[in-house]
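In what follows, residues are counted from 1 in the order of the sequence shown. No experiment lies behind these values; they were computed from the predicted model shown.
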Amino acid sequence: MAGVEKHSISLPAEASEGVRARVGSRGFSSYVANAVSRQLERDALDDIIRRTEEKHGPADEAEVEAILARLAE
């Protein structure tokens with residue numbers, strides 16, 4: 001399969017059992033690949049936040065709460 005690499009990884013037994021319970025053994029690799037992709041997205045967002053805070057300082061929590069309240073309306 002083009003663009004795919006095979007890896008051997010170790011997971012806690014509880015995590016493996018949880019994945020199998022959700023998707024069975026045939027969907028295991030896809031589930032893990034999707035989880036890794038989501039984590040890479042989160043890491044990229046963390047990098048953006050860090051760079052923004054370095055440039056502009058930390059977010060004002062009161063302002064964030066006000067924005068979230070407006071969005072919830």
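Around atom CZ of Arg42, no more than 12 heavy atoms belonging to other residues, nucleotides or ligands sit under 6.0 Å away.
Within the 4.5 Å cutoff, the side chain of Lys55 has no heavy atoms near those of the Arg51 side chain. Proximity of Ile67 to Arg70: side-chain heavy atoms (C-beta onward) are separated by under 4.5 Å at one or more points.
Every residue two or more places apart in sequence or in another chain was checked for a side-chain hydrogen bond (donor to acceptor under 3.5 Å, both in side chains) with Glu14, and none qualifies.
Placement of Ile9 and Val4 in two distinct hydrophobic clusters is found when ILVMFWY residues are connected by side-chain heavy-atom separations under 4.5 Å, directly or transitively. Connection of Ile49 to Leu40 is not established within any shared hydrophobic cluster, with ILVMFWY side chains joined at heavy-atom distances below 4.5 Å, either directly or through further cluster members.
Rounding to the nearest 0.5 Å places CD of Glu41 at 12.0 Å from CG of Asp46.
The two residues Phe28 and Val23 have their closest heavy-atom pair at N-CG2, 3.8 Å.
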Full working for side chain to side chain contact (heavy atoms under 4.5 Å, CB included) between Leu11 and Val19 | CA-CA 11 Å; Leu11 294 173; Val19 172; 5.5 Å; no
